[in-house]
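Right, one structure below, let's go through it.
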Amino acid sequence: EIASVMTHFEAEFVARGVKLALCKLKPDKGRSFRWFEFVDVSVAPTYVPQYDVKSVGTDELETFQTTLSFPNGVAVEPLIDRKTLVENIPPGVREMMNQKDCFDLYIALIDVLRESGMGVQEGFNEHQIKRIAKGLGPKFEARGVSIFLSAKKETKDEEERIFFWLEFVDREQQPNYDAQRGIDVRKLPPE
């Protein structure tokens, strides 16, 4: 309902150099937060509101407690086990890798993750994450894609589980995106 009211005023804001965005963040527990972002395009012409309800993409990740949604320009790869990594490339990831000419880097990334012994219980090997950051991170960045390694710990019926996933970010569509639960491989210290 709020979004439909916004459409009556949006053109006037745009005419004055202001981008208007209705944003929504749904935490793991509790009520959703909603707010407006008013962006002065003369000051921040490339800023994209990360939580703009109009830019919610199709990629989702199911956990015990919630369904995580991601904006357009962010493709998600659940890290379930080594077999799944080899056999099931999510459509959004496949599309982005093809568009950005990163499929060779993607295959190399998956090989590194498989070699690391990654799995639901094992988690990530810190040495391998730093290897990704040093070797593959800059190569993805050069092609306009950032990588985030993300995790979320949940408990259901006394079973504790950590959900792991990769977020691939198309920097043309999401120039200022930062993963809520992720490690930006560009920010990892060297070994």
Side-chain angles (χ1 to χ4, degrees), residues 1-63 65-78 90-103 105-106 109 133 136-152 154 163-189:
E1 192 173 312
I2 295 170
S4 64
V5 172
M6 276 179 49
T7 59
H8 298 295
F9 301 96
E10 203 164 12
E12 193 166 332
F13 278 105
V14 170
R16 295 173 188 215
V18 177
K19 180 179 184 176
L20 175 62
L22 172 62
C23 298
K24 179 180 177 182
L25 174 65
K26 184 179 180 200
D28 295 336
K29 295 179 183 177
R31 298 174 58 176
S32 296
F33 298 98
R34 290 188 176 100
W35 67 95
F36 289 109
E37 288 190 17
F38 300 90
V39 182
D40 182 341
V41 295
S42 68
V43 175
T46 61
Y47 177 76
V48 176
Q50 183 169 331
Y51 300 102
D52 187 345
V53 297
K54 289 191 287 186
S55 73
V56 174
T58 57
D59 275 18
E60 293 183 335
L61 181 75
E62 296 285 333
T63 68
Q65 298 172 346
T66 191
T67 300
L68 303 173
S69 298
F70 300 88
N72 290 320
V74 178
V76 180
E77 169 110 27
V93 172
R94 181 183 299 278
E95 183 179 334
M96 184 183 294
M97 295 304 111
N98 285 330
Q99 286 177 352
K100 294 293 190 175
D101 193 28
C102 291
F103 220 87
L105 298 176
Y106 172 80
L109 171 64
L136 294 172
K139 292 176 183 176
F140 272 101
E141 290 289 335
R143 296 184 193 178
V145 176
S146 294
I147 307 169
F148 293 88
L149 300 164
S150 299
K152 182 177 188 302
E154 294 183 350
F163 294 87
F164 296 100
W165 65 95
L166 291 171
E167 294 179 39
F168 296 95
V169 181
D170 180 338
R171 286 301 181 190
E172 286 179 28
Q173 292 184 47
Q174 292 290 338
N176 49 287
Y177 180 85
D178 195 20
Q180 290 180 37
R181 298 172 178 89
I183 300 168
D184 184 343
V185 296
R186 297 172 298 181
K187 297 177 182 173
L188 285 173

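Because the structure is predicted, anything quoted here is derived from the model rather than measured. Numbering of residues begins at 1 and proceeds along the displayed sequence.
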Residue pair Val76 / Val93: nearest heavy atoms and the distance that separates them: O-CG2, 3.5 Å
Using a cut-off of 6.0 Å, state whether more than 12 heavy atoms not belonging to Phe38 lie near its atom CZ. yes
How about CD on Glu172, more than 12 heavy atoms from neighbouring residues, nucleotides or ligands closer than 6.0 Å, or not? no
Mutual orientation of the aromatic rings belonging to Phe70 and Trp165 [parallel < 30°, tilted 30-60°, perpendicular > 60°]: perpendicular
Mark yes or no for whether Asn98, through its side chain, and Phe103, through its backbone, hold a donor-acceptor pair below 3.5 Å. no
Minimum heavy-atom separation for Lys100 and Arg143, please, with both atom names. CD-O, 3.5 Å
Rounded to the nearest 0.5 Å, what's the gap from OH on Tyr106 to CE on Met97? Could you check? 8.0 Å
Can you label the angle between the Tyr177 ring and the Phe148 ring as parallel, tilted or perpendicular, going by 30° and 60°? perpendicular
Mind listing the closest non-hydrogen atom pair of Leu166 and Leu109 along with its distance? CD1-CD2, 3.8 Å
Nearest-0.5 Å distance, CG of residue Leu149 to CD1 of residue Ile147: 7.5 Å
In terms of heavy-atom contacts, Val48 and Gln174 come closest through CG1-OE1, 3.8 Å
Distance in Å, Phe36 CZ paired with Leu20 CG, rounded so as to fall on 0.5 Å steps: 6.5 Å
d(Glu167 CD, Glu77 CD) to nearest 0.5 Å is 12.0 Å
In short, Ser150 meets Ala179 closest at the heavy-atom pair OG-CB, 4.1 Å
Closest contact, heavy atoms only, Val41 versus Lys19: CG1-CB, 4.1 Å
Between CZ on residue Arg171 and CD on residue Glu141, distance to nearest 0.5 Å: 6.5 Å
